[in-house]
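Taking it in order: structure first as structure tokens, then the write-up.
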Amino acid sequence: MVSIGKEGDLLLFKGSNFLKQRLLLATLSGKPVKITSIRSFENPPGLREYEVSLIRLLDKITNGTRIELNETGTAIIYEPGLLLGGTLMHECSLQRSIGYYLDALLALGPFCKSPLCVTLRGVTNSHESPSVDHISSSAVPILKRFLIVDDGLELKVLKRGLMPLGGGEVLFKCPVRKNLHTVQLLRVGMVKRIRGVVYACRVSPALANRTVEAAKGVMLNFLPDVYINTHQVKGKSAGNSPGFGINLVAETTDGCFYAAETVSNLIKDGTTPSVPEELGKETAQKLLEEIYRGGCVDSTFQWLVTLYMALGQKNVAKFLTGPLSDYTIHFLQHLREFFSITFKLENHTDAEEEDDEASESPATAPKILMTCVGIGYSNINKRMM
């Protein structure tokens, strides 16, 4: 079991793992949670700065949320209010990239009372969380499939900002819906093209060009249609720290996207500087691994598809994916805790499918067919407008 029991109306959890999952699902389900033993034996104990920043963001986009923290920050009671949405600005912690907060907004945005228009400031690209580029190329197309009409959905990088000082700025707009569309994601298709961007902030443009050549050297052995753009960021738009990175995206004939990214190491004492050629090759290998895993979405955002499926209308939803990530497995367990919904998992080779094209791609990992009946989650906040 994921939870350790109940205390009145409170769902009880223990430990700091998957804190964001628990807060997200508590907000959507309206169920209050109590989380204890948050890094009790670490120094310093309790919640980290980036987790406190996430809680503040959730408080900003909701109305009536009650939060209680103990003195050491090792226990929290979170009683969610109504999802309000609206226009706001949030200074994100520099310990995590903006992507850490952005994927939470992706999950909550369609169910707010007012359309989200959020400006997030901080780090746009880092090792610890998906970058804004990754979310834009992989997660946003998923949301579009469930919204049907995506008017008002926008994700724009206004300024780049790398660790440790950040300085980036991102604008995210999300429309609201009463219900999500039921989707059956079964067709994968073949990879038809690879696109990418190499960004360089306060460093020589030569580093970006070398990264492009190294990445293309690997990808051209797989596919001829490869184009990687360079983005040399200057002035105030380059943030406060030097560095560079690369994001690659593979698109299939059926509109599925796989993304991979790598960011250069921090320039500080005792750290090995990143070599552009190694960075490019590493990212290309990561993308090839995602293509090998296959499925209708890359491994980073499997959990987001399962959330939208679970909250969809009371129809059968199906989703073909590669091997489940640990994060997705725990997310499925939390879905069962908060919404009492379970998924049927079948081996791809044993399942009956409407389209067998997905199995034509050579040298791919075993697939899993996930099936559930949506709970018919309705946006009660939108009805109150």
Side-chain angles (χ1 to χ4, degrees), residues 1-38 47 51 54-55 57-59 61-68 75-85 100-101 103-113 139 142-143 146 176-180 182 301-317 319 324-345 370-382:
M1 294 292 291
V2 175
S3 66
I4 59 174
K6 287 190 175 183
E7 184 180 294
D9 294 331
L10 294 175
L11 272 174
L12 299 182
F13 295 93
K14 190 175 182 180
S16 60
N17 288 341
F18 309 107
L19 178 77
K20 182 164 69 170
Q21 290 187 9
R22 294 163 181 171
L23 295 178
L24 277 181
L25 293 176
T27 305
L28 287 168
S29 65
K31 294 181 179 179
V33 295
K34 181 178 181 180
I35 306 172
T36 59
S37 302
I38 302 174
L47 293 169
E51 293 168 331
L54 174 65
I55 293 169
L57 176 61
L58 294 177
D59 187 40
I61 66 172
T62 56
N63 183 26
T65 296
R66 190 174 73 89
I67 301 163
E68 289 185 17
I76 179 175
I77 295 177
Y78 178 79
E79 296 184 7
L82 295 175
L83 277 166
L84 198 60
Y100 177 81
Y101 308 89
D103 59 11
L105 296 178
L106 277 170
L108 300 175
F111 307 106
C112 290
K113 180 178 180 180
I142 296 170
L143 181 54
F146 286 88
V176 295
R177 293 289 181 268
K178 184 177 178 181
N179 300 103
L180 290 182
T182 301
F301 292 105
Q302 290 171 338
W303 69 272
L304 194 60
V305 177
T306 61
L307 174 67
Y308 292 152
M309 288 171 64
L311 299 183
Q313 300 177 33
K314 295 183 179 180
N315 297 321
V316 177
F319 168 44
L324 297 179
S325 65
D326 288 342
Y327 192 87
T328 304
I329 291 171
H330 284 88
F331 192 78
L332 292 173
Q333 294 172 336
H334 282 112
L335 278 174
R336 182 183 60 189
E337 290 290 326
F338 285 93
F339 291 103
S340 301
I341 185 171
T342 56
F343 283 70
K344 179 182 179 183
L345 306 182
M370 306 179 66
T371 308
C372 80
V373 177
I375 64 171
Y377 187 89
S378 182
N379 187 349
I380 61 171
N381 308 297
K382 189 171 188 293

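The structure displayed is predicted, hence computed values, not measured ones.
Of all the heavy atoms in Ala107 and Leu307, the pair that sits closest is CB-CD2, 3.5 Å. Across Thr182 and Val316, no two heavy atoms sit closer than the pair CG2-O, 3.5 Å. Between Pro80 and Pro32 the shortest heavy-atom distance is CD-CA, 3.9 Å. The minimum heavy-atom distance between Cys112 and Val176, with the atom names listed, is O-CG1, 3.1 Å. Closest heavy-atom contact between Tyr78 and Thr27: OH-OG1, 2.8 Å.
Here CG of Leu83 is found 9.0 Å from CZ of Phe111. Values are rounded to the nearest 0.5 Å. To the nearest 0.5 angstrom, Ile35 atom CD1 is 11.0 Å from Leu10 atom CG. Atoms CD1 and NZ, from Ile375 and Lys314 in turn, are 9.0 Å apart once rounded to the nearest 0.5 Å. Remark: Thr328 OG1 to Met370 CE distance equals 7.5 Å, nearest 0.5 Å. Note that CG of Asn17 is 11.0 Å distant from CD1 of Ile38, once rounded to the nearest 0.5 Å. Rounding to the nearest 0.5 Å gives a distance of 6.0 Å between CZ of Phe339 and CG of Leu25.
A donor-acceptor pair under 3.5 Å is formed between the side chain of Gln302 and the backbone N or O of Ser325. In this structure, the side chain of Glu337 does not engage the main chain of Arg22 through any donor-acceptor pair within 3.5 Å.
The shortest distance between side-chain heavy atoms of Cys372 and Thr342 does not fall below 4.5 Å. Contact check for Ile55 versus Leu47: side-chain heavy atoms found under the 4.5 Å cut-off. Side-chain contact check for Leu105 versus Ile61: some heavy-atom pair is nearer than 4.5 Å. Between Glu51 and Tyr100, the closest side-chain pair of non-hydrogen atoms falls below 4.5 Å. Using a 4.5 Å cut-off on side-chain heavy atoms (C-beta onward), Leu324 and Leu332 make contact. In this structure, Leu12 and Thr36 have side chains that are not in contact, with every pair of non-hydrogen atoms separated by 4.5 Å or more.
By the side chain to side chain donor-acceptor pair (under 3.5 Å) test, Lys31 is found to be paired with no residue, residues two or more places apart in sequence or in another chain being considered. Not counting sequence neighbours, the partners of Thr62 by the side chain to side chain donor-acceptor pair (under 3.5 Å) test are Thr65.
Tested against Tyr308, the residues Phe319, Phe146, Trp303 include a single side-chain contact (heavy atoms from CB on, under 4.5 Å) partner, Phe146. Considering Phe13, Tyr377, Phe331 in turn, Phe13 is the only one that fulfils the ring pair (Phe, Tyr, Trp, His ring centres under 6.0 Å) rule with Phe338.
Classified by interplanar angle (parallel below 30°, tilted 30° to 60°, perpendicular above 60°), the ring pair Phe18/His330 is parallel.
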